[in-house]
Amino acid sequence: MSEGTGVVERRVLIDDNEMAQNLLGRNDEHLESVERAFRVRIIPRGNELIISGEEEEVERVTTLFSRLMEIGRHGAPLTGSEVRYAIRMTREGNGDRLSEVFSDTILITARGKQLKPRTLGQRQYIDAIRKNALVLGIGPAGTGKTYLAVAMAVAAYRNREVNRIILTRPAVEAGERLGFLPGDIQEKVNPYLRPLYDSLFDVLGLDTFQKYMNKGLIEVAPLAYMRGRTLDDSFVILDEAQNTTPEQMKMFLTRLGIGSRAVVTGDITQVDLPKGIQSGLDQARTVLAGVQGISVVYLTERDVVRHELVQRIIRAYEAHEQRKSAEQSQEG
């Protein structure tokens, strides 16, 4: 191509074959994501990548791969969602903050996986949990609210900052109530608590989880079981808090005892309470805003780390709600 077209070529040296596989991804999926995002052509050749295209785009991609290599040297293989997030940050001019996101290891899971924040929002959430006795983590599905809170609870226990971990959820969701479910009370509540069990299994492994449960070091229970208790030296997580009433939320928050910390998570766009009842989480984020020792962190669709389709679904629903609100305003 002639020089007048503005097309340039840059070469990025890769550390070794393992790093090359990390950068390219399975079946070159990472490479294809970068090519689509920046309108460049990338050719892997030996221990280097040859990048060609418009100069500005090529420079950004060259910098992106350099930063991805820095991240890859200190962690596990890059996932598709991490690469897509790195692409987005680079396009927005925040590429220099990538190491800030991915360099913080919370803990190593039972399977040897390094557990880290994967977005700036998640990093802010983790920092807030470290610095405050109470954190409200509010955001849509897939942003890691519960999983990261569980990881921070396990890390706090391992570091002897707390003596036990307590995880709880309100037991009314999606129009179902306990009385309509078969079995005894434990069998009735288990379906509601299953996501908490899943997070603990993944972080601790089944054997360690069962050992901790048998010793009373971990308790997983419906919110109703918290009434009348005082929770000292505990890391307490209230999940799906959008489905608490204001009275339940106040009850929970006033259970905290000496040496305890709490994380309250929920999605205020997914409230399953009966019509006309305000969400306790929605009220708490207003009532507690600005109170010393409490942080309210908002995660968004930009922090979704599940399948990329989840981000599109969230955006589609948000657009639908905006159109509906606009139509109702016009009718009014």
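Numbers for residues simply follow the sequence, beginning at 1.
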**Report entry** Crowding at CD, Glu9 (>12 non-hydrogen neighbours, <6.0 Å)
**Finding:** yes

Report task. Look at the side chain of Arg255 and the backbone N and O of Arg229, then say whether any donor-acceptor pair between them is shorter than 3.5 Å. Result -> yes

Query - Side-chain touch Leu238/Met249, heavy atoms, less than 4.5 angstrom - result: yes

Query raised in the report: Can Glu240 and Gln242 be counted as having a side-chain donor-acceptor contact under 3.5 angstrom?
Result: yes

Query raised in the report: Is there a side-chain contact between Leu288 and Leu253 (heavy atoms, below 4.5 Å)?
Result: yes

Query raised in the report: Does Tyr85 have any side chain to side chain donor-acceptor pair (under 3.5 Å) partners at least two apart in sequence or in another chain, and if so, which?
Result: none

Query raised in the report: Which pairs with one or both residues in residues 151-170 pass ring pair (Phe, Tyr, Trp, His ring centres under 6.0 Å), sequence neighbours excluded?
Result: Tyr157-Tyr212

Query raised in the report: Salt-bridged, Asp239 to Lys145, with N to O below 4.0 Å?
Result: no

Query - Counterpart residues, ring-ring contact (aromatic ring centres under 6.0 Å, His included), relative to Tyr317 (two or more places apart) - result: none

Query raised in the report: Linking Ile, Leu, Val, Met, Phe, Trp and Tyr through side-chain heavy atoms less than 4.5 Å apart, which residues share a cluster with Ile50?
Result: Ile43

Requested in this report: Kindly check if the number of other-residue, nucleotide or ligand heavy atoms within 6.0 Å of CD (Glu29) is above 12?
Outcome: yes

Query raised in the report: Do Arg67 and Thr90 meet the criterion of a side-chain donor-acceptor pair at a distance under 3.5 Å?
Result: no

Query raised in the report: Quick one: do the Thr143 and Asp303 side chains pair a donor with an acceptor below 3.5 Å?
Result: no

Query raised in the report: If you count the non-hydrogen atoms of other residues, nucleotides and ligands that lie under 6.0 Å from CG in Asn17, is the total more than 12?
Result: no

**Report entry** Sidechain N-carboxylate O distance under 4.0 Å for Arg194, Asp198
**Finding:** yes

Requested in this report: Determine whether more than 12 heavy atoms belonging to other residues, nucleotides or ligands lie under 6.0 Å from atom CZ of Arg130.
Outcome: yes

Requested in this report: Report yes if some heavy atom in the side chain of Leu167 is under 4.5 Å from a heavy atom in the side chain of Tyr197; otherwise report no.
Outcome: no

Requested in this report: Apply side chain to side chain donor-acceptor pair (under 3.5 Å) to Asp267 and list each qualifying residue two or more places apart in sequence or on a separate chain.
Outcome: Thr269

Query raised in the report: Is it the case that more than 12 heavy atoms not belonging to Asn27 sit under 6.0 Å from its CG atom?
Result: no

Report task. Using a strict 4.0 Å threshold on nitrogen-to-oxygen distance, state whether Glu48 and Arg45 make a salt bridge. Result -> no

Report summary line: Across all chains, not counting sequence neighbours, the salt bridge (charged side-chain N to carboxylate O under 4.0 Å, His left out) partners of Glu247 are none

**Report entry** Residues Lys116, Glu82: salt bridge by 4.0 Å N-O rule
**Finding:** no

Query - Polar side-chain atom of Asn243 near backbone of Asp272 as donor-acceptor pair, under 3.5 Å - result: yes

Report task. Would you mind reporting whether Met152 and Phe235 have side-chain heavy atoms less than 4.5 Å apart? Result -> yes

Report task. Would you indicate whether the side-chain heavy atoms of Glu92 and Arg97 approach each other to under 4.5 Å? Result -> no

